[in-house]
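Here's the structure we're looking at; comments come further down.
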Protein chains: 2
Amino acid sequence: MFELSQLRCFVAVAEQLHFGRAADQLNMTQPPLSRQIQLLERELDAPLLIRNSRSVRLTSAGRVFLPEAKRILRLSDNARRWTQRVWRGEAGTLRIGFTAASGYGMLPDLMVKVHAAMPGVDVVLREMVTSAQVDALASGVLDVGFIRPVVALRQFESREYLREHLVAALPADDPLCDKDSIQVQDLHARPFVMFSPDASSYFHDLLGALFMQNKVSPDIVHQVGQMHSMLALVDAGFGAALLPEAAARLQFPNVRFRPLQAASDWTAKLNMIWDPDSENPVLERFLTLI
Amino acid sequence: MFELSQLRCFVAVAEQLHFGRAADQLNMTQPPLSRQIQLLERELDAPLLIRNSRSVRLTSAGRVFLPEAKRILRLSDNARRWTQRVWRGEAGTLRIGFTAASGYGMLPDLMVKVHAAMPGVDVVLREMVTSAQVDALASGVLDVGFIRPVVALRQFESREYLREHLVAALPADDPLCDKDSIQVQDLHARPFVMFSPDASSYFHDLLGALFMQNKVSPDIVHQVGQMHSMLALVDAGFGAALLPEAAARLQFPNVRFRPLQAASDWTAKLNMIWDPDSENPVLERFLTLI
DNA sequence: TTTCCTTACGCCTATCGTAAGCATA
DNA sequence: TATGCTTACGATAGGCGTAAGGAAA
């Protein structure tokens with residue numbers, strides 16, 4: 001098969017229609033250029049140029065081959081540049097996992113930030129629960145995940161990304177709506193929509209601890225995994241709920257949000273997690289950006 | 001810049017994920033293969049493969065570069081094949097010139113023939129008057145022309161392609177329509193639509209000689225260059241006309257065609273003309289086909 | 001200890017440049 | 001005779017294969 005250097009030789013001659021000038025342009029002398037063209041023609045099994053000491057012109061085969069040769073050279077150059085950019089982290093793909101609730105709050109801002117700082121990078125967003133994100137990171141399907149804190153994370157690095165205060169979601173006809181803010185004690189013995197211990201163990205445990213420390217026992221009418229389902233139940237008047245403040249972005253007609261008066265350590269943490277052995281150069285740039 | 005051989009090396013390794021097997025597949029030993037990959041990586045200024053003695057896998061740059069490399073190799077192979085086919089005359093373009101009138105008769109058959117014999121060849125048809133065809137041949141815009149016989153054709157080869165008998169075109173109300181065939185003498189002193197001497201000198205001279213030899217003098221009411229214009233005048237009842245039989249394919253409501261009884265040398269010749277120095281291999285195949 | 005990629009080194013092919021050859025206007 | 005492509009030929013760079021090196025399971 002021919003080589004790219006031969007294509008460059010041919011393109012130069014085909015455009016100059018003069019071996020001497022083409023050789024000059026290629027920083028070589030004419031004889032080896034002639035030879036390269038001959039080798040290319042032998043390889044193609046077709047003459048590309050009709051030449052004598054007076055003129056050089058393309059054959060029909062040469063006319064067909066010229067644009068192909070140029071295209072191949074252009075693609076090769078593009079491939080080189082594109083690969084370099086990907087390696088430098090200036091281009092490529094960043095696959096971000098997020099839990100449904102985390103997305104409401106910080107994702108839009110994050111997207112704007114990433115797009116501004118790394119314009120060549122494509123971002124793929126995938127909504128996944130925490131455990132699925134950990135698996136996806138392990139199998140290389142995700143580059144970075146946004147999850148609620150969990151314990152066993154040996155192989156990954158993580159850091160706290162943000163903390164959210166809790167807000168109370170109340171049915172519109174709940175008398176508590178008259179107050180500007182809610183105390184945990186206000187919820188004692190009142191109907192309450194709780195996070196389920198399996199699908200949302202972090203929030204389940206967080207609220208469980210909050211209630212226990214305050215010696216409050218709400219009347220748990222439902223246990224639900226997803227925030228939008230909880231809000232739907234609140235909207236239907238089943239009771240109140242406690243959610244991270246980002247959930248207030250979800251608007252339901254019969255749901256009112258009121259801030260929860262609680263010590264500042266009763267916040268919902270959102271962690272960022274990634275594989276330090278990732279080969280994706282974009283990840284590194286993302287981490288320095290954050 | 002890298003070379004195609006290096007792309008082949010990389011693709012083999014990237015697909016095998018094993019230097020030894022890839023080298024085998026490439027009919028070489030591992031060490032030079034390693035070296036080629038190293039050279040490619042240095043050229044791209046990005047690592048393509050992460051390798052240790054236990055495993056080989058692609059980097060993000062390698063994942064981007066692999067499909068590009070395959071594409072470039074595929075295009076190179078296609079370019080080679082396509083160019084060969086063009087050179088062998090199995091593919092390419094044949095540009096055929098024809099005079100308006102010649103097209104009516106033989107072009108459709110010719111097209112069918114060419115397409116059947118040379119399926120990969122694109123045919124470009126251009127209607128041009130004889131002189132324009134000669135110019136187009138000289139400047140390489142046409143490969144072959146179908147023209148009426150002319151004299152000065154030094155640089156081109158030509159051969160007679162076909163001869164057409166002449167037919168008389170008569171207005172529908174002309175009493176001559178009652179006859180099954182027409183004698184030249186029938187046209188004496190009758191209104192006649194003639195070819196113009198400049199735009200259709202061949203037919204003008206042919207008919208002039210025909211009339212002179214038969215001592216016939218029709219009453220020439222118009223001189224026109226193009227056959228469809230002549231037939232339009234016949235249709236309008238201006239007079240009769242003599243045309244090559246292919247013109248009978250043009251149907252006008254008030255025009256009747258009748259064969260002309262004449263010696264067989266009073267026929268309209270259609271010549272094929274081409275440049276023997278043409279570099280188009282399709283032409284050669286076309287000539288042997290005809 | 002085995003596997004397997006890399007480094008080291010000698011050989012050889014292939015390309016380059018210089019110089020001569022040759023055809024055309 | 002001048003221009004310009006091709007052929008000839010010696011020097012050299014670069015690729016290949018063999019052999020040794022080294023890291024990981």
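In this text, all values refer to a predicted model and were calculated from it rather than measured experimentally. Convention: sequence-line order gives letters A, B, ...; per-chain numbering from 1.
Aromatic ring centres of A/F146 and A/F98: separated by at least 6.0 Å. Close placement of the A/F2 and A/F65 rings is indicated, their centers lying within 6.0 Å of each other.
For A/Q38, the side-chain atoms get nearest to D/dT7 when compared with the rest of D/dG17, C/dT18, D/dT7. Among the nucleotides C/dC5, C/dG17, D/dG15, the one closest to the side chain of B/Q36 is D/dG15. Proximity note for B/S34 (side chain, C-beta onward) versus C/dT6, C/dC5, D/dC5: the nearest is C/dT6. In this structure, the nucleotide among D/dG17, C/dC5, D/dT6 sitting nearest to the side chain of B/T29 is D/dG17. Of the candidate nucleotides C/dC5, D/dC5, D/dG17, D/dG17 has the atom nearest to the side chain of B/M28.
What separates CZ of B/R54 from C1' of C/dC5 is a distance of 11 Å, to the nearest Å. Straight-line distance from the CG atom of A/L40 to the C1' atom of C/dT15: 16 Å, rounded to whole Å. In this structure, the CG atom of B/L48 is 16 Å from the C1' atom of C/dC5, given to the nearest Å. Atom CZ of B/R35 is separated from atom P of C/dA8 by 10 Å (rounded to the nearest Å). Atom-to-atom, CZ of B/R51 to C1' of C/dT3 comes out at 17 Å; the value is rounded to the nearest Å. If you take CZ of A/R57 and C1' of D/dC5, they are 15 Å apart, rounded to a whole angstrom. Going from atom CG of A/D24 over to atom C1' of C/dG17 covers 14 Å, rounded to whole Å. In this structure, A/L39 places its CG atom 17 Å from P of D/dC5, rounding to the nearest Å.
One finds the OG1 atom of B/T267 at 7.5 Å from the CG atom of B/L206 (value rounded to the nearest 0.5 Å).
Residues B/T99 and B/Q133 have side chains in contact (heavy-atom distance under 4.5 Å, counting atoms from C-beta outward).
Closest of all the heavy-atom pairs between B/E41 and B/L48 is OE2-N, 2.8 Å.
With DNA chain C read from its 5' end, the first of the two nearest nucleotides for B/L17 and A/P31 is the one closest to B/L17.
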